[in-house]
Structures are given as structure tokens and as C-alpha cells.
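Below: one structure, written as C-alpha cells.
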Protein chains: 2
Amino acid sequence: MPKGIRLTEEEQANRRHEIFHKVVKVFLKKGFHETSMREIAEQAGIGKSTLYDYFKTKDEILLYFFEDQLNDLTEAAQRIALQNIPADERLRRVMKTHMEFLQANKSSFMKLSLEAQRLKLESQNELQKKRHTYQDLIRGLVGEGIREGTFRKVDPLLAARMLINTLLPVVFTSRPTGTAQEMMEETMDIFFKGIEVCE
Amino acid sequence: MPKGIRLTEEEQANRRHEIFHKVVKVFLKKGFHETSMREIAEQAGIGKSTLYDYFKTKDEILLYFFEDQLNDLTEAAQRIALQNIPADERLRRVMKTHMEFLQANKSSFMKLSLEAQRLKLESQNELQKKRHTYQDLIRGLVGEGIREGTFRKVDPLLAARMLINTLLPVVFTSRPTGTAQEMMEETMDIFFKGIEVCE
DNA sequence: GTCTGAAAGCGACTGCTGTTCGCTTTTATT
DNA sequence: AATAAAAGCGAACAGCAGTCGCTTTCAGAC
């Protein structure tokens, strides 16, 4: 904010957060791609080119959101992954947190995820990288479950991807067949039955 | 092509096909969104505004591709669905065809699917509608499988969506853990184990 | 045979976009 | 008081999808 002095890294980060917080409402209301940089700057109460001092491109503004969210999600999952209980139970808990998280942020997460699909390919690769950290965590749990003998010998990464990718569409579907909660539980049920060792 | 005479509906359709065929190479080479309407018209050997006589918007050019492909896929699936064998076997065969189809058109389908994600929301809804026909076919097979007693009582639409949505990322993943064929088979395996009646 | 209306085709033009540039304002330091 | 550097800005830029008014062409009416 002050003009002549250099901002510290932290101040810059705070300012980015502050700016994003001010403009996210507009994204939710009229859509990210339908909001021009002029409007974004207006909403943030700053000049158009000042915006570029905090976000290198327009896409980066939206990426900022997912960076934040994925950090939270990964942290929560990491805490669960360290618990001293069977891997399959930890996996269930992580996915439960995942579902709760999706539901809590449903409206904004859903809308912005749809918008994120429309980012430039380059930006989507950035996003993908951020997702990998989380995906690897799930993969680890599946791997542990296999070693513990609760899961069949499936490819852990494939299973992890399958799990994450089946849950997202549940929240986003245009033809729901029940509450999100119900659909999520059934999806998880099918998945776990699919990888569990047959008794 | 002829200037003064009115084109029949069929001629118009042929011309659309012809134009698309001429320009799709450019989409595959430098990307749909990176190709401007000027370039597309150039490649098609027609004027820019003539292009608009055959496709109402730029998005519609890409939608045309999926309309075609989905028609083929749905037809093939319909033929299988009518065979006189158990539903679970028919479902396996449909998905096998689906996989073969994805692999045969892999490079173009993959690239253009990624591009399709970036279409305007309105255009994506169009695409979604076209997908529903196919989704409903799968749903029907799952439903039959349940009635025949091979599948557990799962929600057929949810299962259908889950199935389709798990196969696509297999082809598109940036971190493959085997050949597409292997990954697809393992995915199918997990899914079928997940919905089969336990023996 | 020629006239005419309507369709096919076209490139200049429009209004908008994300991004850049050159400039002003502010302030900590010398 | 002078300086340098950072923060902030709106005008300007290049490029885009889509539109408009015009030209060219020809089937059918007379």
C-alpha cells in the first residue's frame, strides 16, 4: 500500500491474499472468464497494471485459489496419514475429509473448478503439479494397505487417481441421483469393494 | 461451392464435414484455441465470414468433432447392447470397444478433449447433452446386470458415470504406470470387482 | 434471351480482451 | 535537499471472435 517503501515478501503475500479475497466474489457471481482484468482491478480498488505487480497473468489469480485450497487439503491429509491405525482406515478418513471439504466449499470450489478447466494449458499444468502432491499421498496409503494385506495388489497410483477422479464428478454432476453425501458414499463403497482382498 | 444456387441440407452437412476435415490438422498441430478464425478460414481455403455460414461460432467447429465421434461410439455400443448374452458381459464388451476406440483415436481424441475443456460453459453444456445418450446406455446395462443378479444394487447412473470418468483419465494421465491397455484393464477390474455380487 | 431475386462468399471493420509501457507519486536513505 | 528506487497508474498495443455491407453468381420467371 505505501508507495515509496519496498514491500517485504510477507507483505506481498498478504496483499495478494487481500486482493484475491476482494475479487473472488465477482468470480463466483459472474464467472472468472467473464470478468475482465479492468473489472477485477476495479473490484480490488487498484489500477489495472498494479494488479500485474501481484499476479503475473490473469490465470495466476485463479491458480492462487487452488494453491491455497490444495495446501489445506494436503495438510489435513498428512495429519491423518500419520495416525497409528490400519492404512485402509486412514484412507477412508482422508477421503471422508476430502468429501467434507468438497461439500463445505462446494459452491465456490465447484464453480471455480469448472473455470479452472478453461485456463490455458500451461496454467493447467501448473495446477496439475500441485495436485500431484496430494495424489502421491493417497497413493502411499493404497501402497501401505497392500503391504498390510487389506488391499489387493493393484497399481497404487492408478487406484489413487481413480479414487480422486471419481469423487469430483459426483459433486459436479448435472444429473444427481441423491444427495452429494449419498453419492459419495456409494462411490467409495464401490471403490473399496473393488480393491479389497476378497474374504 | 457454387455461388448462386441454394445448398441442400445434405450438401451443407457435407461441406461442414469437408471444412472440418481440412482444418482439424491445424488443431492437432498447434491447438484449437491457439488457432485464430483467420487461420482456420485460410486453411479451409475460404473467407473468414464464409466460415460463419457453416459454423455459428468458433466453439461449434470443435463440437462438431465430438458429435461425430460420440455418434460412432454410441452406435457401436447400441449394437452390442442388443446382443443376447448376460448384461455384465455386454458391459465388458462395450467398455472394451470404448477402450479400443480411445486408443485408436488416442492422439487426436486426447488433444481435442483437452481443448474441449476450454470451451465456453455454454458449449460444454451442449457437449454434455451429447454425452448423456451414451451415459444412459451404460446405465441401462448396469441396471440390467443388477436385475440379472450379477451386480450389487448400486445406483446405475452413478456407476455409469464412475466407469466413464475413470477410463478417460487413464488415457490422459501425465504419469502413466504401464501401457494404456494395462491401465484400462486394471481400472475395469477394480470397477467390476466393486459392483459384482460377492461370491 | 434477359432480367431478377436470393443465396454464397468475402474482407474491412467493430468492440473487446489480456498485457505492456512510460510516466507520476511517494518515501527511506544519503 | 537531493537521490534512487519502488508502487501505482491509465493510455496504448496487438490480437481476437464475430458482424456488416457489399459483390458475384446463377436458377427460374417472363
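Values reported hereafter were calculated over all heavy atoms of this structure, with side chains retained and with hydrogens, waters and symmetry mates removed. In what follows, chains are A, B, ... by sequence order, proteins preceding strands, each numbered from 1.
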Is A:R175 atom CZ crowded by more than 12 heavy atoms from other residues, nucleotides or ligands, each under 6.0 Å away?
-> yes

State whether a side-chain donor-acceptor pair under 3.5 Å links A:R93 with A:Q83.
-> yes

First locate atom CG of B:L73, then atom CG of B:N105, and finally report the distance between them rounded to the nearest 0.5 Å.
-> 9.0 Å

Separation of atom CZ in B:F55 from atom P in C:dG9, rounded to whole Å | 13 Å

Ring geometry between A:F20 and A:Y64 (parallel below 30°, tilted from 30 to 60°, perpendicular above 60°) | tilted

Partner of A:Y134 by side chain to side chain donor-acceptor pair (under 3.5 Å), out of A:Q78, A:H98, A:R139 = A:H98

Between C:dG18 (P) and A:L119 (CG): distance, integer Å = 13 Å

With the side chain of B:Y54 defined as its heavy atoms from C-beta on, choose the nearest nucleotide among D:dA17, D:dG8, C:dG9.
-> C:dG9

Using whole Å, report how far CG of B:D59 lies from P of D:dG18.
-> 7 Å

B:T57 side-chain proximity, nearest of C:dG9, D:dC16, D:dG18 = D:dG18

In whole angstrom, give the distance that lies between atom CD of A:E60 and atom P of C:dG18.
-> 15 Å

Ion pair check, A:R152 and A:E196, cut-off under 4.0 Å | no

Nearest-Å distance, NZ (A:K120) to P (D:dC16)?
-> 13 Å

Closest to side chain of A:D53, choosing from D:dG8, D:dA17, C:dT19 = D:dG8

Find the distance A:Q12:CD to D:dA7:P and express it as a whole number of Å.
-> 6 Å

Protein-nucleotide distance (A:L51, atom CG; D:dG10, atom C1'), rounded to Å = 14 Å

Counting only non-hydrogen atoms, which of residues 40-49 of chain B are less than 4.0 Å from DNA chain C?
-> B:I46, B:G47, B:S49

Measure from the side-chain heavy atoms of A:K58 and tell me the nearest of C:dT19, D:dG8, C:dG9.
-> C:dT19

In terms of ring plane angle, is the pair A:F192 and A:F151 parallel, tilted or perpendicular, where the classes change at 30° and 60°?
-> tilted

Of A:K56 and A:E39, whose closest DNA chain C nucleotide lies nearer the 5' terminus?
-> A:E39

Separation of D:dA7 atom P from A:N14 atom CG, nearest Å, is 14 Å

Side-chain N or O of B:R38 less than 4.0 angstrom from OP1 or OP2 on C:dA12?
-> no

Report yes if a side-chain nitrogen or oxygen of A:T50 is closer than 4.0 Å to either non-bridging phosphate oxygen (OP1 or OP2) of D:dC9; otherwise report no.
-> yes

